[in-house]
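In what follows, a single structure is set out as structure tokens and then discussed.
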Amino acid sequence: MDIIVRKSYLSHIISHLNRGMMIILVGQRRVGKSYMLRQLKRWLEENESDSTVVYINKELLDFSNITNAIELNDYVSSKFKPDGKNYLLIDEVQDIEGYEDALRSLHAEDRCQIIATGSNAYIFSSELSTRLGGRYVEIPIYGLSYSEFLEFHGLDDNDESLNDYLRVGGLPGLRLYDINDEIHVHDYLQGVYNTIMMRDVVAREQIRNVPFIENLSKFIADNDGKLISTNSIVKFMKSQGEKVSDSMTSTYITHLCKALIINPVARYDIHGKKLFEMIFKYYFADHGLRNYLCGFNIRSSIEKIMENVIYLHLLTQGYSVKVGILRAGEVDFVATKSGKTIYVQVTYLLASDETIGREFGNLAAIKDNFPKYVVSMDPVSGDLDKYPGIHHVHLRKFLKMEL
């Protein structure tokens, strides 16, 4: 099978090579980090033919003997050329105990350019930053964007393809399946979800109450894009006959976030310019996994899925995303990047004057000149005279825009 190159990611990685920094690729399992590393390996072999490329994939049995920092250091030392240019590529680096010590030592000795992948948000933690002394750059890898989805599955850009994307999500491995085969799609997503839960949550975090964390992930999936507090979860679980505490619930949510299954999104006071950090919204790193947890009940969840997809689209374009809070309303997304801000409202259909007034009115209350969008599935889009400067865009068009 030919490998489809995700050019924007590859170019971004290449732009950081040989600049004195380690490169860490981070993302949920099965979003394509391993393939990105293989694409980089191929590029190095074609463009740096006189260099030594050491590739370690911790998911392969061939590398099972590398379990700690000393074994990692010894292995790569035996492969490197003392006077040549060396590259070290490690897939799933968090599976090597004390890996940060080996990376820090190799980097300090200037022996190689290090590129590693990880499936745990610990890679992003302040503790790791302290251990590596700010010597690395983080590049998040996400599932397929809508445009990539069309390319991977050989689809035309139409409403049917958009519906397929909203339904099955953006995991690259689905390319090997008929995405209209519901049984195969279900089985694949179930396998991915179980792998993440068992390896990156239950085993790594030594979870004792497995039924609760399973129910917790389903609760968050069903409330995708809604404000959630630990107290509201505890009340719901108690109503279902399950006794859990606030502290346990908060800890288990943190475990799901660390495994990169879900992402917390904080609220931002647009007028007061400050963050609220007590209650978050949560969006899934892959909306296909969210749909799997909800039994693929797409029709009743369409607005939640749209929000999740737009959130991921903003992330893939490098934006930091918050939920906007106004004195008399809410803006679904406030996205910022390099001094630029955009505001996005999401609704399934602008079916009434009340809906139009709410979605456009909230944006109109923001008195700045940054771009503002209302995204919906209405067959006709375009700006409304009553709300100048606020752009109404169909979801399919928005997902192909460079923002």
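Keep in mind the model is a prediction, meaning the values are calculated, not measured. Note that the numbering runs from 1 along the sequence shown for the chain.
The closest side-chain donor-acceptor pair between Ser147 and Ser145, if any, does not fall under 3.5 angstrom. In summary, the side chains of Glu307 and Tyr283 do present a donor paired with an acceptor at a separation below 3.5 Å, with no hydrogens or angles considered. There is no side-chain donor-acceptor pair under 3.5 Å between Thr195 and Arg30. Side-chain polar atoms of Glu92 and Ser119 form a donor-acceptor pair below 3.5 angstrom. Of the N and O atoms on the side chains of Asn297 and Ser300, at least one donor lies less than 3.5 Å from an acceptor on the other residue. Between the side chains of Asp378 and Ser376, a donor-acceptor pair is found at a separation under 3.5 Å. Using modelled atom types and a 3.5 Å distance limit, the side chains of Arg111 and Ser105 yield no donor-acceptor pair. Between the side chains of Asp157 and Tyr146, at least one donor N or O sits under 3.5 Å from an acceptor N or O. For the residue pair Gln317 and His313, a side-chain donor N or O sits within less than 3.5 Å of a side-chain acceptor on the partner. Side-chain contact annotation: Thr251 with Thr254, donor-acceptor N/O pair under 3.5 Å absent.
A cation-pi arrangement is found for Lys337 relative to Tyr319, the charged atom lying closer than 6.0 Å to the ring centre and inside a 45° cone about the ring normal. Geometrically, Arg6 does not engage Tyr9 in a cation-pi contact, judged by NZ or CZ lying under 6.0 Å from the ring centre and within 45° of the ring axis.
Taking the six-membered ring where tryptophan is involved, the planes of Tyr292 and Phe296 are perpendicular, since the angle between them exceeds 60° and thus also 30°. In this pair, Tyr165 and His287 present their aromatic rings perpendicular. The plane angle is above 60°, beyond the 30 to 60° band.
Residue Ile310 holds its CD1 atom at 5.0 Å from CG of Leu395, rounded to the nearest 0.5 Å. Distance check: Lys372 NZ to Ile366 CD1 gives 6.0 Å after rounding to the nearest 0.5 Å. Atom CZ of Arg29 and atom OH of Tyr193 lie 15.0 Å apart (nearest 0.5 Å). Met36 CE to Ile141 CD1: the interatomic distance, rounded to the nearest 0.5 Å, is 5.5 Å. If you take CG on Asn263 and CZ on Phe280, they are separated by 12.0 Å, rounding to the nearest 0.5 Å. To the nearest 0.5 Å, atoms CD1 (Ile183) and OH (Tyr177) are separated by 13.0 Å.
Screening residues 338-363 for ring-ring contact (aromatic ring centres under 6.0 Å, His included), with sequence neighbours left out, gives Phe360-Tyr387.
Checked against the 6.0 Å centroid threshold, His153 and Phe149 count as a close aromatic pair.
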Determine, stepwise, if the pair Lys33 / Asp91 fulfils salt bridge (charged side-chain N to carboxylate O under 4.0 Å, His left out). CA-CA 8 Å; Lys33 302 185 305 298; Asp91 203 7; over 6 Å; no
Can you list the steps and then say if Tyr311 with Val265 is a side chain to side chain contact (heavy atoms under 4.5 Å, CB included)? CA-CA 10 Å; Tyr311 167 72; Val265 181; 3.5 Å; yes
Assess whether salt bridge (charged side-chain N to carboxylate O under 4.0 Å, His left out) is satisfied between Lys235 and Asp246, documenting all intermediate values. CA-CA 10 Å; Lys235 285 183 177 179; Asp246 281 14; over 6 Å; no
Working for side chain to side chain contact (heavy atoms under 4.5 Å, CB included), residues Val344 and Val331: CA-CA 7 Å; Val344 183; Val331 174; over 6 Å; no
Checking Tyr136 against Glu138 for the side chain to side chain donor-acceptor pair (under 3.5 Å) test, could you report, in this order, the C-alpha distance in whole Å, the side-chain angles of both residues, the deciding distance, and whether it holds? CA-CA 7 Å; Tyr136 70 101; Glu138 307 156 349; 3.2 Å; yes
Show your working on side chain to side chain contact (heavy atoms under 4.5 Å, CB included) between Tyr87 and Leu40 and close with a plain yes or no. CA-CA 11 Å; Tyr87 293 90; Leu40 178 62; over 6 Å; no
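No more than 12 heavy atoms of other residues, nucleotides or ligands sit less than 6.0 Å from atom CD of Glu182. Other residues, nucleotides and ligands contribute only 12 or fewer heavy atoms inside 6.0 Å of the CG atom of Asp353. Residue Gln206 places its CD atom among 12 or fewer non-hydrogen atoms of other residues, nucleotides or ligands, all under 6.0 Å distant. Dense packing is recorded around CG of Leu60, with more than 12 heavy atoms of other residues, nucleotides or ligands lying under 6.0 Å away. Within 6.0 Å of CG in Asp156 there are 12 or fewer heavy atoms belonging to other residues, nucleotides or ligands. Residue Gln240 qualifies as enclosed at atom CD: its count of foreign heavy atoms under 6.0 Å is above 12. Counting heavy-atom neighbours within 6.0 Å of Asn369 CG, excluding the residue itself, gives a total of 12 or less. Atom CD of Glu242 is surrounded by more than 12 heavy atoms from other residues, nucleotides or ligands within 6.0 Å.
Panel note: side chain Ser49, backbone Glu46; no donor-acceptor pair is recorded below 3.5 Å. A donor-acceptor pair under 3.5 Å is formed between the side chain of Ser51 and the backbone N or O of Glu48. When atom types are taken as modelled, the side chain of Arg175 and the backbone of Leu171 share no donor-acceptor pair closer than 3.5 angstrom. Side-chain N or O atoms of Asn86 include one that pairs as donor or acceptor with a backbone N or O of Lys81 at under 3.5 Å. With hydrogens and angles ignored, the 3.5 Å screen pairs a side-chain donor or acceptor of Asp286 with a backbone N or O of Gly170. Between the side chain of Asn215 and the main chain of Pro211, a donor-acceptor pair closer than 3.5 Å is present.
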With a 3.5 Å cut-off and sequence neighbours excluded, list the donor-acceptor pairs that the side chains of residues 320-330 form with protein atoms.
residue, atom, partner, partner atom, Å
Ser320, OG, Lys322, NZ, 3.2
Glu330, OE2, Lys281, NZ, 2.7

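Nearest heavy atom pair, residue His255 against residue Ile207, reads CD2-CD1, 3.3 Å. For Phe236 against Phe219, the heavy-atom pair with the smallest separation is CD2-CD1, 3.4 Å. For Ala364 against Ile390, the heavy-atom pair with the smallest separation is N-CD1, 3.7 Å. Residue Ala203 comes nearest to Arg199 through the heavy atom pair CB-O, 4.0 Å, listed as atom of the first residue, atom of the second, then distance. Here the closest heavy-atom approach between residue Lys304 and residue Asp222 is recorded as NZ-O, 2.5 Å. When all heavy atoms of Ala285 and Gln28 are compared, the pair lying nearest together is CB-OE1, 3.5 Å.
Just one of Arg396, His391, His392 meets the side chain to side chain contact (heavy atoms under 4.5 Å, CB included) condition when paired with Ser381; it is His392. Checking Ile23, Val93, Ile24, Ile90 one by one against Ile115, the side chain to side chain contact (heavy atoms under 4.5 Å, CB included) holds for a single residue, Ile23.
Contact check on Glu45 versus Lys41 returns a salt bridge, with a Lys/Arg side-chain nitrogen under 4.0 Å from an Asp/Glu carboxylate oxygen.
Partners of Ser161 according to the side-chain hydrogen bond (donor to acceptor under 3.5 Å, both in side chains) rule, which considers only residues two or more places apart in sequence or in another chain, are Asn158.
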